[in-house]
**Student:** 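Questions regarding the structure given below will be posed in turn.
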Amino acid sequence: MMISYRVRPEHLEEHLVLLRAVHEEVARTRPGGLRYQTLRLDDGLSFVDVVMGPELPGPLPGLAAFRRFRADLDDRCEQRSMSGFSVVGSYGFGD
């Protein structure tokens, strides 16, 4: 799953704090099979989350930090889109 979104400038710092907390909790709890990466685009306000794993959204909704992150995401973002994808080729991202 790929989620792309653009954060409102006035919410950027809050967004980064919440996002870092999600990644810290994922790193600490190490949910099996989950692959989760967030990319920040060059404009500084646009992000792409790439989430891979069996039975998505998998363990993410069960994480406290993720629930806080999602709680007011619509208010923080100017635009959002979500789409599925299939990997055609990959190097360096594991199996």
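Counting begins at 1 with the first residue of the sequence.
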**Student:** So, using salt bridge (charged side-chain N to carboxylate O under 4.0 Å, His left out) as the criterion, who are the partners of D74 when residues are at least two apart?
**Tutor:**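 Salt bridge (charged side-chain N to carboxylate O under 4.0 Å, His left out) check on D74 returns R80.
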**Student:** Would you kindly confirm whether V26 and V17 end up in one hydrophobic cluster when ILVMFWY residues are joined by side chain heavy atoms under 4.5 Å apart?
**Tutor:**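 In one cluster: no.
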**Student:** Could you work out, with salt bridge (charged side-chain N to carboxylate O under 4.0 Å, His left out) as the rule, every residue matching E24, not counting sequence neighbours?
**Tutor:**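 E24 satisfies salt bridge (charged side-chain N to carboxylate O under 4.0 Å, His left out) with no residue once adjacent residues are dropped.
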**Student:** Considering only residues two or more places apart or on different chains, which pairs with a residue in residues 1-16 satisfy salt bridge (charged side-chain N to carboxylate O under 4.0 Å, His left out)?
**Tutor:**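 Sorted result for residues 1-16: R6-D43, R6-E78.
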**Student:** Under 3.5 Å, which donor-acceptor pairs link side chains of residues 59-73 to any protein atom two or more places apart or in another chain?
**Tutor:**
unit_1 : atom_1 : unit_2 : atom_2 : d
R67    : NH1    : P61    : O      : 3.3
R67    : NH1    : G62    : O      : 2.9
D72    : OD1    : R76    : NH1    : 2.3

**Student:** Hey, which of L39, V48, L41 is the one that makes side-chain contact (heavy atoms from CB on, under 4.5 Å) with S4?
**Tutor:**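 The passing option is V48.
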**Student:** Can you name the side-chain hydrogen bond (donor to acceptor under 3.5 Å, both in side chains) partners of S83, sequence neighbours left out?
**Tutor:**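 In terms of side-chain hydrogen bond (donor to acceptor under 3.5 Å, both in side chains), with neighbours along the sequence ignored, S83 is linked to no residue.
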**Student:** Not counting sequence neighbours, which residues clear side-chain contact (heavy atoms from CB on, under 4.5 Å) with T38? List them please.
**Tutor:**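 Per chain and number, T38 pairs via side-chain contact (heavy atoms from CB on, under 4.5 Å) with Y5, L19, H23, Y36, F47, D49.
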**Student:** Might you point out which heavy atoms bring L12 and G44 nearest each other, and give the distance in Å?
**Tutor:**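 Nearest pair, atom of L12 first, then G44: CD1-O, 3.7 Å.
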**Student:** Listed by chain and number, what are the side-chain contact (heavy atoms from CB on, under 4.5 Å) partners of V87, not counting sequence neighbours?
**Tutor:**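 V87 satisfies side-chain contact (heavy atoms from CB on, under 4.5 Å) with M52, F85, S90 once adjacent residues are dropped.
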